[in-house]
Undergrad: 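Here it is: the structure, laid out below.
Along the sequence shown, residues are numbered consecutively beginning with 1. Counting starts at 1 for both ligands and their atoms, following the listed order.
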Amino acid sequence: MVVTLTRDGDLMVVTVDNPPVNALSQALRQGLLDAVATVESDPKVRAAVLHCAGRTFIAGADIREFGSPSQPPHLPDVIAAIEGTGKPWVAAIHGSALGGGLEVALGCAGRVARAESRLGLPEVTLGVIPGAGGTVRLPRLIGMETATEMILSGKPIDAERARAKGLVDLVTEGDPLPSARTLARSLSETPPHPLSRRPCPDVEDGSGFWEGREATLNAKGAGQEAPLAALKALRSAATRPFDEAMGIARSAFLALRDSTQAKALRHVFLVERGAGSDPTLADIPPRPIESCGVVGGGTMGAGIVAALLEAGLPTRLLERDEATLAQGLNRVGRILDGAVTKGRLAPELAEARRALFSGTTDARDMADRDLVIEAVFEDLDVKRTVFRTLDKVLKADAIIATNTSYLDPREIATATTRPDRVIGLHFFSPAHVMKLLEVVPLPETAPDVLATALALGKRLRKIPVRTGICDGFIGNRILRILRREAESLLLEGATPSQVDAAMRAFGFPMGPFEAQDLGGLDIAHLDRRRLAASCAPAASWAPLGDALCDLGRLGQKTGGGWYDYRQGDRHPHPSPTVEELVAARRTATSDRTFSAEEIQNRIIPAMVNEGFHILAEGIARTPGDIDLVEIHGYGFPRWRGGLMYHADQMGLDRIRGALVNRADPSLAPSPLLDRLTKEGRTLADLNAPPAAAE
Ligand code: T1G
Ligand code: NAD
């Protein structure tokens, strides 16, 4: 039974128990409706308390039911029944009250939340809008501005803010149930006016509130349907009677539920839940990690330290000398200070993290560490020296990880006597922010080391994706193709601004040239030099990028890269120097213009094709893994479902069609793409690990 009732004197305690997250399945909706009838019909009962068993309150509608037609009882009716009873219900909230779960709580007369609870309406992150009253009841309770902010961002708020905003009546340190009982009894004396019958506050007229929000959504979230639909539903809540506005929201929800974007976002939601879980490791418990070390406190090392401290892991930084150590310590300090300044971290928590952090220039001080992550210069000899030293000082079962972007971790590991305890942990910059973590086991890596690395990824609240060993792993390998395609478009007549605008219109937060200028052109340039030395002409091809580096144009940090930058202004300005440089290298016949769609249809199929090679080589185990890498590491628009999911939506024959006539032989359709199109199959068929190589 997903709903059980326990009478407690004049109260009915309604307990929901539908693991893992008490999602509002059809059975639960029916159970709640039956509970309303029972409470209603029991003369001895004056009020009810709704609480949940397990780790969380109701976490929303059952997303797994979205793929099939919605079955009665429908949630709006269940909530209307709870709100419409003459006997007040009080929700006792712990864990997460999200989506339909918060909408149920809004149908109750009162809400009590445990201190660590989170409350929110994240529907837009799933490509839908609150479909059971969130857009009409929430503004009536907490005001239109805060309701709009919560619904458009989809971000939950904590219990204390919820209380301050009037969303919950009370916050308890411990179990909220006793206080909920007390509140229910007092509300049965003076039942409050149901939200549906209260006036809905509008924003100050002429404030430009709605227009401003719409403009921001069109600028920031260009292409996404749900946020605009949510804004429309909120506006109708402010201007129309409750039932009419409820109807508008419900139809919008039902229409969006089966939309391409909602399906894509559900795909991402589900592959994210699978990230880091590996059936082959089901019986291998991760090793306990109680202390960590990081070698190299530069751009990446400092971010990695901050991520480890955030997870409560005591961390020691090893640097070359006192000067670089001081720089590393300061970098970490600035990250913590920045989080406090932005209100993302309480000062006392920052102090607690500082207390977990220490630095040294003596490798012997790393002897007691369970895991050490190396983030020194991207130079094989430097990394091998560090690994050799660590191998000597660390305890036998300690794990050593490398954050290398392009080097082969096997070549680094041979500097040790413990390749079975070596693994690649490829973080993304800034490492304390970016959610992606490429986990790169060696053939020798022991299963418990891999299990530990994947578990650490989750502990750091990252998206760990297992990847095989090749040049650039999954993400940087596809990035190389994106950049190469972007450069070839310049040689055929396009401009950096046109290419960047096209990719932003596709949904990337930044175009490839703007992104290079931000991160610096030198990292990839050094990598291409390395590749050229190992005779990989196609992979090292970037004549324009190399020419810019030779001119010292490394991006924003040098005041110019693909664009020019003015002092103190990070806005990219088209550069006459770059125009000249590109014009000088254009082949005579190639001075044509490109539409945004043409640019997208050049770049995306080339990236997808590389994804197929990566899948066929077993570097990525599922197309979903590539989707996670592209979304969480490279800004691929989440609402398109990720690179490979999007390819399926485009149609593999269209992808193949965009590649077959390309002059560049390295863009010939991959045999796996050929085979799937010939067999009329899709990538979705491959989300179970694919058969062996091409
Ligand atoms: N429906 C079905 N399954 C769900 C689910 C849901 N809403 N939420 C989580 N799961 C599964 C998940 O797939 C995983 O399964 C397991 O629960 C544990 O999840 C009408 C339309 C609640 C904060 O967007 O944010 O309500 O992999 O690993 O880290 O207006 O899950 O074990 O098989 O994430 O502790 C709105 C989504 C729905 C909340 C828990 N609700 N969930 O995090 O565990 S739309 C949401 C979460 C809606 C109404 C609309 C998180 C969590 P498995 P987990 P966690
Ligand atoms: P960085 O130059 O900013 O920092 C490297 C740090 O390592 C310096 O502080 C240096 O003093 C220190 N160091 C060098 N040799 C050392 C030694 N023997 N012992 C201790 N410390 C030593 O470099 P970064 O950008 O942080 O890159 C570090 C690693 O991370 C590289 O392998 C790089 O490929 C990889 N990576 C970089 C990025 C990025 O965007 N920068 C992203 C992912 C991975």
Undergrad: Just to be sure I read this right, does ligand 1 sit under 4.0 Å from the backbone of R257, its side chain, both, or neither, counting only heavy atoms?
TA: neither
Undergrad: For S96 and ligand 1, does the shortest N/O to N/O distance drop below 3.5 Å?
TA: no
Undergrad: Kindly indicate whether a cation-pi arrangement holds for R477 with F473, taking the cut-offs as under 6.0 Å to the six-membered ring centre and within 45° of the axis.
TA: no
Undergrad: Which of the atoms in ligand 1, numbered in the order shown and given with their element, are less than 4.0 Å from a heavy-atom of L126?
TA: 24 (O), 38 (C), 45 (S)
Undergrad: What residue and heavy atom of the protein are closest to atom 47 (C) of ligand 1, and at what distance?
TA: R273 NH2, 3.9 Å
Undergrad: Look at atom 29 (O) of ligand 1 and say whether a protein heavy atom is found at less than 4.0 angstrom from it.
TA: no
Undergrad: Please list all pairs meeting side-chain hydrogen bond (donor to acceptor under 3.5 Å, both in side chains) that have one or both residues in residues 55-73, counting only residues at least two apart or in different chains.
TA: R29-E65, S70-H74
Undergrad: Within ligand 2, which atoms have a heavy atom of S405 less than 4.0 Å away?
TA: 33 (C), 34 (O), 35 (C), 36 (N), 37 (C), 43 (C), 44 (C)
Undergrad: By number and element, which atoms of ligand 2 are closer than 4.0 Å to a non-hydrogen atom of S429?
TA: 40 (O)
Undergrad: Looking just at side-chain N and O atoms, do T360 and D362 make a donor-acceptor pair shorter than 3.5 Å?
TA: no
Undergrad: Do any heavy atoms of T402 fall under 4.0 Å from ligand 2?
TA: no
Undergrad: For H632, enumerate each residue passing the side-chain contact (heavy atoms from CB on, under 4.5 Å) test, keeping only those at least two apart in sequence or located in another chain.
TA: E272, K435, L436, I463, L628, R638
Undergrad: Pull out every atom of ligand 2 sitting under 4.0 Å from any heavy atom of T404, numbered as shown with elements.
TA: 32 (O)
Undergrad: Going by the order shown, which atoms of ligand 2 are within less than 4.0 Å of some heavy atom of G298?
TA: 3 (O), 4 (O), 6 (C), 9 (O), 26 (O)
Undergrad: Just checking, any donor-acceptor pair under 3.5 angstrom between side chains of T361 and E319?
TA: no
Undergrad: Compute the shortest N/O to N/O distance between V128 and ligand 1 and return yes if it is under 3.5 Å, no if not.
TA: no
Undergrad: Out of curiosity, is P122 lining ligand 1, as in a heavy atom under 4.0 Å away?
TA: yes
Undergrad: Evaluating non-hydrogen atoms only, which member of F269, F253, F57 is closest to atom 42 (N) of ligand 1?
TA: F269
Undergrad: Taking only non-hydrogen atoms of Q327, do any sit less than 4.0 angstrom from ligand 2?
TA: no
Undergrad: Under a plain distance cut-off of 3.5 Å, with no hydrogens placed, do R384 and T414 share a side-chain donor-acceptor pair?
TA: yes
